[in-house]
Amino acid sequence: MKTYLLNEEQLVANGYPIATAQEGTASIRREIDAAPVIQPVGPNAMRHRCARCGKPFIIYNSGGYQSVEECSYHFGRLRKSKEYGEGVVSVFSCCQGRRDSLGCQVAKMHVTAGVQPSLESGYVQALPAPAEPGYTPAVYSVDCEMCYTTRGLQLTRVTVIDMDLRSVYEALVKPSYPIVDYNTVFSGLTSESMASVETRLEDVQQQLRGFIYEDTILVGHSLESDLKAMKFIHSTVVDTALVFPHPRGLPYKRALKSLIAEHLKRFIQDNIGWS
């Protein structure tokens with residue numbers, strides 16, 4: 001397992017949160033050439049680009065939308081497909097619709113992915129390993145689910161399992177800002193499942209630090225997204241998106257769905273809903 005641990009250069013290059021000299025903050029590499037998705041509109045509002053359909057919309061700093069309109073989008077990825085008489089065309093994996101086709105899903109409103117600052121606060125770090133006789137570092141797999149809020153994607157579920165596939169930790173998390181879309185197609189969460197949740201991010205961070213230490217090996221797929229969602233700095237990680245690289249190299253990454261189908265002969269996310 002240690003053979004696949006990311007080194008410091010890989011952690012930085014792949015956008016993992018890195019500890020800074022200022023306690024509670026993390027440095028995160030951003031794509032310098034990425035087009036801005038949030039722009040100010042006067043002193044009290046921001047123009048966002050929908051994370052699903054790409055249309056512009058405005059959110060006031062108070063969290064309210066200037067106007068609410070339906071969002072028509074595809075939740076699948078564009079991929080190449082050979083079509084008889086047409087050659088190679090781009091189609092969405094969710095419905096086989098063409099690049100310029102109407103979305104196969106309709107949501108009540110547009111959503112923002114939020115902004116990722118290069119220096120972010122609210123982070124915690126794993127504690128040193130306990131000095132106990134017979135202690136050996138544990139290996140855990142981590143997966144998080146996020147929902148769209150008025151300030152972007154925020155953590156709403158954390159799952160940790162051990163090498164025997166036993167659940168070590170499971171928690172639903174109440175975001176800091178109002179949820180506008182439960183992202184059910186990927187998260188499996190609904191308004192009903194989140195209705196009575198009172199656990200906050202700070203609670204999760206404290207609980208994780210009770211069993212995840214500096215030398216604990218965390219395994220995940222594009223694990224930087226999970227660590228950023230949990231605001232948890234950890235450098236002892238194995239990232240299956242890098243262990244099994246995309247044939248075209250970075251920034252492309254293979255979907256977890258395709259890796260599981262190829263190596264485990266199992267099929268996930270075939271239908272709308274969490275699996």
Side-chain angles (χ1 to χ4, degrees), residues 1-2 4-6 8 10-12 14-28 114 116-117 119-132 134-147 149 151-177 179 183 186-189 193-194 196-242 256 274:
M1 184 69 71
K2 291 184 177 180
Y4 302 106
L5 290 176
L6 300 190
E8 185 175 354
Q10 290 174 311
L11 291 169
V12 173
N14 287 279
Y16 277 80
I18 305 298
T20 70
Q22 184 178 347
E23 185 177 358
T25 64
S27 173
I28 302 171
Q116 179 184 301
L119 185 67
E120 193 170 6
S121 61
Y123 273 78
V124 300
Q125 289 182 260
L127 297 173
E132 299 175 353
Y135 167 81
T136 56
V139 179
Y140 298 127
S141 178
V142 178
D143 185 53
C144 295
E145 304 297 341
M146 282 77 85
C147 290
T149 73
R151 293 297 179 92
L153 283 168
Q154 289 197 316
L155 181 70
T156 41
R157 190 209 297 266
V158 181
T159 303
V160 182
I161 63 173
D162 64 17
M163 293 185 69
D164 296 317
L165 304 184
R166 293 175 301 197
S167 177
V168 174
Y169 182 81
E170 179 85 25
L172 294 177
V173 188
K174 185 175 184 178
S176 304
Y177 296 95
I179 296 175
N183 203 24
F186 295 112
S187 72
L189 299 173
S193 60
M194 294 294 295
S196 60
V197 176
E198 294 298 332
T199 301
R200 294 287 189 172
L201 172 62
E202 295 77 12
D203 302 320
V204 171
Q205 291 174 327
Q206 181 179 3
Q207 292 158 3
L208 292 178
R209 295 180 87 201
F211 66 94
I212 295 178
Y213 303 109
E214 289 178 345
D215 60 355
T216 301
I217 297 177
L218 298 184
V219 183
H221 192 76
S222 293
L223 191 57
E224 79 282 359
S225 297
D226 302 292
L227 292 177
K228 286 187 289 188
M230 297 186 296
K231 293 197 170 185
F232 200 88
I233 299 171
H234 195 71
S235 59
T236 314
V237 300
V238 174
D239 191 333
T240 53
L242 302 177
L256 181 61
W274 180 77

Undergrad: Can you see which heavy atom on H234 is nearest to which on L227, and at what distance?
TA: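 The pair with the smallest heavy-atom distance is O-CD1, 3.8 Å.
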Undergrad: Within a strict 4.5 Å, meaning less than it, do heavy atoms of the M230 and C144 side chains meet?
TA: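 The answer is yes; the side chains approach within 4.5 Å.
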Undergrad: Say you draw a straight line from OG1 of T240 to NE2 of H221; how long is it, rounded to the nearest 0.5 Å?
TA: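 One gets 5.0 Å once the value is rounded to the nearest 0.5 Å.
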Undergrad: F211 vs Y140 aromatic rings, parallel, tilted or perpendicular, using cut-offs 30° and 60°?
TA: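 Judged by the thresholds at 30° and 60°, the geometry between F211 and Y140 is perpendicular.
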Undergrad: For Q206, I'd like to know if atom CD has over 12 heavy atoms of other residues, nucleotides or ligands within 6.0 Å.
TA: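 It does not: Q206 CD has 12 such atoms or fewer within range.
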Undergrad: Could you give the distance from CG (N14) to CG (L242), rounded to the nearest 0.5 Å?
TA: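 The distance works out to 4.5 Å.
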Undergrad: Would you say Y177 and Q154 are linked by a side-chain donor-acceptor pair, where the criterion is simply a distance under 3.5 Å?
TA: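 Distance-only check fails for Q154 and Y177.
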Undergrad: Tell me every residue that passes ring-ring contact (aromatic ring centres under 6.0 Å, His included) with Y4, counting only those two or more places apart in sequence or in another chain.
TA: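 For Y4, no residue satisfies ring-ring contact (aromatic ring centres under 6.0 Å, His included) once neighbours in sequence are set aside.
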Undergrad: Quick check: does any side chain N or O of E224 sit under 3.5 Å from a backbone N or O of D239, one acting as donor and the other as acceptor?
TA: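 Here the side-chain-to-backbone pair does not exist.
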Undergrad: Kindly indicate whether the side chain of V238, heavy atoms from C-beta on, has any atom under 4.5 Å from the side chain of V139.
TA: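 No. Closest side-chain heavy atoms not under 4.5 Å.
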Undergrad: Give the minimum heavy-atom separation between L165 and I161, together with the two atoms involved.
TA: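 Here L165 and I161 meet closest at CD2-CD1, 4.0 Å.
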Undergrad: How far does CD1 of I212 sit from CD1 of I217, to the nearest 0.5 angstrom?
TA: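 These two atoms lie 12.5 Å from each other.
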Undergrad: Any heavy-atom pair between the side chains of D143 and D226 that's under 4.5 Å?
TA: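 Heavy-atom side-chain distance check passes, below 4.5 Å.
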Undergrad: Distance from L172 atom CG to C147 atom SG, nearest 0.5 Å?
TA: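 If we round to the nearest 0.5 Å, L172:CG and C147:SG are 9.5 Å apart.
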Undergrad: At their closest point, which heavy atom of E145 faces which heavy atom of F186, and how far apart are they?
TA: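 That would be OE1-O, 3.3 Å.
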Undergrad: Who are the salt bridge (Lys or Arg N to Asp or Glu O under 4.0 Å) partners of K231, not counting sequence neighbours?
TA: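 K231: salt bridge (Lys or Arg N to Asp or Glu O under 4.0 Å) contacts with E120.
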Undergrad: Whether the side chain of D164 engages the backbone of R166 through a donor-acceptor N/O pair (distance < 3.5 Å, no angle test) should be reported.
TA: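 Checking the backbone N and O of R166 against the side chain of D164, no donor-acceptor pair under 3.5 Å is found.
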Undergrad: Mind checking whether V142 and F232 have side chains closer than 4.5 Å, heavy atoms only?
TA: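 No, too far: nothing below the 4.5 Å cut-off.
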Undergrad: Do L189 and N183 have side chains that approach each other closer than 4.5 Å (heavy atoms only, starting at C-beta)?
TA: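 No; the side chains remain at least 4.5 Å from each other.
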Undergrad: Kindly give the heavy-atom pair with the smallest separation between R157 and S187, and that separation in Å.
TA: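 R157 and S187 have their closest heavy atoms at NH2-O, 3.5 Å.
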Undergrad: Under 4.5 Å between any side-chain heavy atoms of T216 and T236, yes or no?
TA: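 T216 does not reach T236 side chain to side chain.
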Undergrad: What's the shortest heavy-atom distance between T156 and P175, and which atoms?
TA: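 Looking at all heavy atoms of both residues, the shortest contact is CG2-CG, 3.6 Å.
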Undergrad: What closest approach, in Å, do L155 and A229 show between heavy atoms, and which atom pair accounts for it?
TA: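 Shortest heavy-atom separation between L155 and A229 comes out as CB-O, 3.6 Å.
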Undergrad: Would you tell me whether S27 and T20 have side-chain atoms, one donor and one acceptor, within less than 3.5 Å of each other?
TA: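 Side-chain D/A pair, S27 to T20: absent.
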Undergrad: Would you compute the distance between atom CD1 of I233 and atom CD of E214 and round it to the nearest 0.5 angstrom?
TA: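 Going from the CD1 atom of I233 to the CD atom of E214 covers 11.0 Å.
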Undergrad: Taking the side chain as everything from C-beta on, heavy atoms only, tell me whether V237 gets closer than 4.5 Å to L11.
TA: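 The answer is yes; the side chains approach within 4.5 Å.
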Undergrad: I'd like to check the ring-ring contact (aromatic ring centres under 6.0 Å, His included) partners of Y213; sequence neighbours left out, ordered by chain and number.
TA: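 If we apply the ring-ring contact (aromatic ring centres under 6.0 Å, His included) test to Y213, skipping adjacent residues, there are no hits.
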Undergrad: Could you measure the distance from the NZ atom of K174 to the OG atom of S196? Nearest 0.5 Å is fine.
TA: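 The NZ atom of K174 sits 10.0 Å away from the OG atom of S196.
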Undergrad: Is there a side-chain contact between Q205 and L208 (heavy atoms, below 4.5 Å)?
TA: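 Q205 vs L208: side chains apart.
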